[in-house]
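The next block holds one structure in the form of structure tokens; read it before the comments.
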Amino acid sequence: MRASPATARRVGFAKPRRCTRCLLRPRGALHPPRVPESFDAVFVGSSFASSFFLAGWLERAPAHARALVIEAGPRRPHAWRLAQRKDVLGWRDDHGLYENATPDKPWITHVELGGNSNCWWACTPRLAPEDFELHTRYGQAVDWPLSYAELEPHYVRAERMLGVAGADDHPICPRSAPFPLPPHRLSAPDEALARAFPGLLTPQPCARPSVATPKRPRCCASGVCELCPIDSKFTVQNELAHLFEDSRVTLWTDARCEGLDVQGDVVRGVHVRREGREELVRGELVAIGANAIFNPWILARSGLDHPELGRGLHEQVGIDVIVDLHDMDAFGGSTSITGHLYALYLGERRRDRAGALIEVWNVPMLRMEPGRYRHRVKLKAVIEDVRGEGRVDVNPDDPSRPRVRHGGRSAWTERAIARLEDDLQPVFDALPVERVRIGEPLPTEAHAVGSTPMGNDPETSVIDRDLVHHRVRNLFVLGAGAFPCATPANPTLTLAALSLRAAQEAFA
Ligand SMILES: Cc1cc2nc3c(=O)[nH]c(=O)nc-3n(C[C@H](O)[C@H](O)[C@H](O)COP(=O)(O)OP(=O)(O)OC[C@H]3O[C@@H](n4cnc5c(N)ncnc54)[C@H](O)[C@@H]3O)c2cc1C
Ligand code: SF4
């Protein structure tokens with residue numbers, strides 16, 4: 001609904017805005033609402049989840065097809081980000097994007113073209129095959145409604161789009177095709193761990209290129225990847241801008257989806273707020289990829305209540321382990337995180353406590369003693385968790401924002417945290433350790449998952465294995481909200497592969 005000029009003045013608007021169609025200031029009554037625009041497909045969000053799905057849609061859509069991408073934030077080029085360095089990490093919950101009912105547990109969400117691809121670190125491991133069968137194998141969490149083998153071809157395609165560097169003989173995740181780029185050079189601590197744990201240490205697969213690609217320079221290991229100074233890591237803007245320039249695609253930035261027009265079991269369109277007013281856009285198909293915080297809020301505002309909707313928001317737990325080394329130089333690898341150690345990830349231990357992926361960092365963490373500057377390495381344990389009592393819902397005091405509540409960590413994960421020092425002992429034994437400091441759990445990994453879970457049973461899941469809403473069959477709910485649990489591997493490659501798979505299943 002649009003306010004009359006009188007109403008607008010009453011609620012404090014300075015003046016009616018110019019009409020965006022005729023560019024005149026309206027006299028008297030404002031123009032009537034626009035006739036709804038119609039598109040074949042409407043995509044909400046412009047980051048990994050939506051862009052990879054859009055790429056799959058464009059591969060198959062005819063020349064006359066029309067898609068609309070609705071992005072809540074602005075377009076900010078890389079040069080702008082460099083100039084604004086200080087503010088660039090500022091789009092956190094304290095900016096009022098959502099109400100955080102558990103403020104000691106922050107999440108990070110960048111509302112802008114390309115979303116969190118602008119600030120991510122570009123680590124792109126696959127899930128391990130056994131991650132998809134945690135319940136069957138170890139009686140924990142629930143099984144995923146699809147297997148590693150079913151997702152594998154889509155992992156390959158996602159890795160090509162991201163330009164992932166990695167070692168083809170990956171010990172844990174079997175591959176049907178080589179990585180697009182060769183692996184990064186390991187550091188001396190990586191090499192020592194590889195000798196001590198044969199078959200369990202691999203160069204970290206990452207979207208930080210090991211060689212120059214047509215669009216991006218080679219990663220130079222500066223280790224400040226949240227804002228890569230040379231635009232080397234993958235972002236939606238540096239690698240997928242062509243999607244938004246396609247003649248079939250219209251992109252609206254600064255346009256916020258505030259709900260869906262659901263009639264019966266069909267979604268007919270999207271309510272969008274832009275230029276200060278709300279409008280309805282029609283779409284034959286709607287795909288929301290606004291992440292695990294905003295997707296459930298959009299669904300809840302659209303009357304699509306479900307007992308599992310918004311429940312179970314959770315993520316992995318990161319713990320930094322700083323190791324001072326006797327006589328070994330760290331920081332000799334060719335990117336910011338060089339090694340992935342699977343020694344605490346797999347197998348029967350997961351029956352008792354959560355698995356952990358150990359990252360070997362390759363950033364300068366200088367020691368002050370002369371001659372010892374590089375004798376320090378950071379290992380990071382990334383520990384998995386399962387859906388619990390976390391929740392996203394519509395903020396009752398301000399329905400224009402989600403309310404987010406962290407439900408605490410599971411006992412399974414707490415046991416892994418409590419045992420971490422003991423479990424890491426063989427890792428320390430493999431290095432010339434002088435001193436070790438194990439940190440507290442970090443406030444956030446920025447890997448929100450689990451709030452719109454996928455599954456085969458409509459009673460216990462919101463969407464099916466093809467990311468289609470169980471009831472509204474022309475509605476896709478993309479992103480890591482679909483994950484039934486937060487495995488130790490970072491989520492983004494998997495959510496991108498799921499988007500590609502969903503597009504293939506829907507449009508093939
Ligand atoms: C600092 C940092 C480092 C990270 N490093 C890694 C890493 O190394 N590896 C990894 O796998 N993951 C990493 N992540 C996580 C990764 O960024 C996310 O998994 C990924 O971005 C999720 O993609 P997405 O498309 O689902 O959502 P997002 O990237 O969050 O994008 C959501 C999009 O929707 C838009 N949007 C939101 N609400 C609306 C609305 N109402 N209407 C319209 N548009 C809307 C947003 O503006 C945004 O464009 C990192 C995250 C952070 C913050
Ligand atoms: S290590 Fe440096 S060059 Fe490589 S992606 Fe990170 S910031 Fe960019």
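The figures here come from the full heavy-atom set of this structure, side chains too, leaving out hydrogens, waters and symmetry mates. Ligands are counted one by one from 1 in listed order, and the atoms in each one are counted from 1 as well. We number each residue from 1, following the sequence as shown.
If you number the atoms of ligand 1 from 1 as listed, the ones under 4.0 Å from a heavy atom of Trp121 come out as 3 (C), 4 (C), 5 (N), 6 (C), 7 (C), 8 (O). Near Phe48, the atoms of ligand 1 lying under 4.0 angstrom from a non-hydrogen atom of the residue are 20 (C), 21 (O), 23 (O), 25 (O). Atoms of ligand 1 lying under 4.0 Å from at least one heavy atom of Ile70, given by number and element, are 43 (C), 44 (N). Under a 4.0 Å criterion applied to the non-hydrogen atoms of Leu495, ligand 1 contributes the atoms 19 (O), 22 (C). Which parts of ligand 1 touch Ile108 is read off a 4.0 Å heavy-atom cut-off, strictly below it: atoms 53 (C). Numbered from 1 in the order shown, with element, the atoms of ligand 2 that lie under 4.0 Å from a heavy atom of Cys228 read 3 (S), 5 (S), 7 (S), 8 (Fe). If you number the atoms of ligand 2 from 1 as listed, the ones under 4.0 Å from a heavy atom of Val224 come out as 7 (S). Each of the atoms 7 (S) of ligand 2 lies under 4.0 Å from some heavy atom of Pro229. Residue Arg256 approaches ligand 1 through these ligand atoms, each under 4.0 Å from one of its heavy atoms: 41 (N), 42 (N). Per-residue contacts place Ala122 under 4.0 angstrom from the following atoms of ligand 1 (heavy atoms of the residue considered): 7 (C), 8 (O).
Taking only non-hydrogen atoms, the option from Gly333, Ser232, Gly223 nearest to atom 1 (S) of ligand 2 is Gly223. Relative to atom 1 (C) of ligand 1, the option among Glu226, Lys233, Glu71, Arg208 with the closest non-hydrogen atom is Glu226. Of the candidates Val449, Val236, Asn116, Leu162, it is Asn116 that places a heavy atom closest to atom 21 (O) of ligand 1. The option from Leu227, Ile337, Asn291 that lies nearest to atom 27 (O) of ligand 1, judged by heavy atoms, is Asn291. Checking Ala72, Gly481, Ser46 against atom 45 (C) of ligand 1, the nearest heavy atom belongs to Ala72. Distances from atom 32 (C) of ligand 1 to the heavy atoms of Gly45, Cys123, Gly289 put Gly289 nearest. Taking each of Gly259, Ala290, Ala446 in turn, the one with a heavy atom nearest to atom 52 (C) of ligand 1 proves to be Ala446.
Counting protein heavy atoms only, atom 3 (S) of ligand 2 is closest to Cys220 N, 3.3 Å. Scanning the protein heavy atoms around atom 6 (Fe) of ligand 2, the nearest turns out to be Cys225 SG, 2.2 Å.
Contact annotation: for Phe294 versus ligand 1, heavy atoms closer than 4.0 Å belong to the side chain alone. Counting heavy atoms closer than 4.0 Å to ligand 2, residue Ala221 contributes backbone atoms (N, CA, C, O) but none from C-beta onward.
Of the options Glu384, Arg387, Lys105, a side-chain contact (heavy atoms from CB on, under 4.5 Å) to His314 is made by Arg387 and by none of the others. Considering Ile463, Leu260, Val262 as possible partners of Leu299, the one that fulfils the side-chain contact (heavy atoms from CB on, under 4.5 Å) test is Leu260.
Annotation: Trp297 places no N or O atom under 3.5 Å from an N or O atom of ligand 1; distance criterion only. An N or O contact shorter than 3.5 Å links Thr492 to ligand 1 by distance. For ligand 1, the polar-atom distance check against Ala49 finds a nitrogen or oxygen pair separated by under 3.5 Å. An N or O contact shorter than 3.5 Å links Ser47 to ligand 1 by distance.
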Using residues 124-132 as the side-chain source, report each donor-acceptor pair under 3.5 Å to any protein atom, sequence neighbours left out, with the distance given to one decimal.
residue	atom	partner	partner atom	Å
Thr124	OG1	Pro205	O	3.2
Thr124	OG1	Cys206	N	3.3
Arg126	NE	Glu159	OE2	2.8
Arg126	NH1	Tyr148	OH	2.9
Arg126	NH1	Glu152	OE2	2.9
Arg126	NH1	Pro174	O	3.2
Arg126	NH2	Glu152	OE2	3.4
Arg126	NH2	Glu159	OE1	3.0
Glu130	OE1	Tyr138	OH	3.0
Glu130	OE2	Tyr138	OH	3.2
Glu130	OE2	Gly347	N	3.2
Glu130	OE2	Arg350	NH1	2.8
Asp131	OD1	Arg350	NH1	2.9
Asp131	OD1	Arg350	NH2	2.6
Asp131	OD2	Ala128	N	2.8
Asp131	OD2	Tyr345	OH	2.6

**Study point:** CA sep, side-chain torsions, deciding dist, call: Thr253, Arg75, side-chain hydrogen bond (donor to acceptor under 3.5 Å, both in side chains)
**Key:** CA-CA 7 Å; Thr253 53; Arg75 181 197 291 261; 5.8 Å; no
Exercise for review: Just do the ring-ring contact (aromatic ring centres under 6.0 Å, His included) check on Phe52 and His154 with the steps written out, would you?
Suggested key: CA-CA 11 Å; Phe52 280 68; His154 309 285; over 10 Å; no
Review point. Are Arg282 and Asp261 close enough, and set up right, to give a salt bridge (Lys or Arg N to Asp or Glu O under 4.0 Å), and what steps lead you there?
Key: CA-CA 9 Å; Arg282 294 274 177 230; Asp261 179 32; 2.7 Å; yes
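Taking a 6.0 Å sphere around CD of Glu440, one finds it holds 12 or fewer heavy atoms contributed by other residues, nucleotides or ligands.
Inclusion of Cys219 in the first shell of atom 6 (Fe) of ligand 2 is not supported: no N, O or S atom falls under 2.8 Å. Atom 2 (Fe) of ligand 2 has an N, O or S atom of Ser222 under 2.8 Å away, backbone or side chain.
For the residue pair Asp385 and Ser410, a side-chain donor N or O sits within less than 3.5 Å of a side-chain acceptor on the partner. There is a side-chain donor-acceptor pair under 3.5 Å between Asn291 and Thr109.
Under 4.0 Å is where a charged nitrogen must lie from a carboxylate oxygen, and between Arg216 and Asp231 no such pair does.
When atom types are taken as modelled, the side chain of Asn238 and the backbone of Lys215 share no donor-acceptor pair closer than 3.5 angstrom. Formation of a donor-acceptor pair under 3.5 Å by the Glu59 side chain with backbone atoms of Gly56 is not found in this model. At distances below 3.5 Å, at least one donor-acceptor pair connects side-chain atoms of Lys233 with backbone N or O atoms of Cys225.
Both cation-pi conditions hold for Arg66 and Phe39: the charged atom is under 6.0 angstrom from the six-membered ring centre and inside a 45 degree cone around its axis.
When side chains are defined from C-beta on, Thr492 does not count as touching His447, because their heavy atoms never get closer than 4.5 Å.
Using 4.0 Å as the threshold, Ala480 has no heavy atom nearer than that to any atom of ligand 1.
Ring geometry for Trp144 against Phe483 counts as tilted: the plane angle lies between 30° and 60°, on a 0 to 90° scale.
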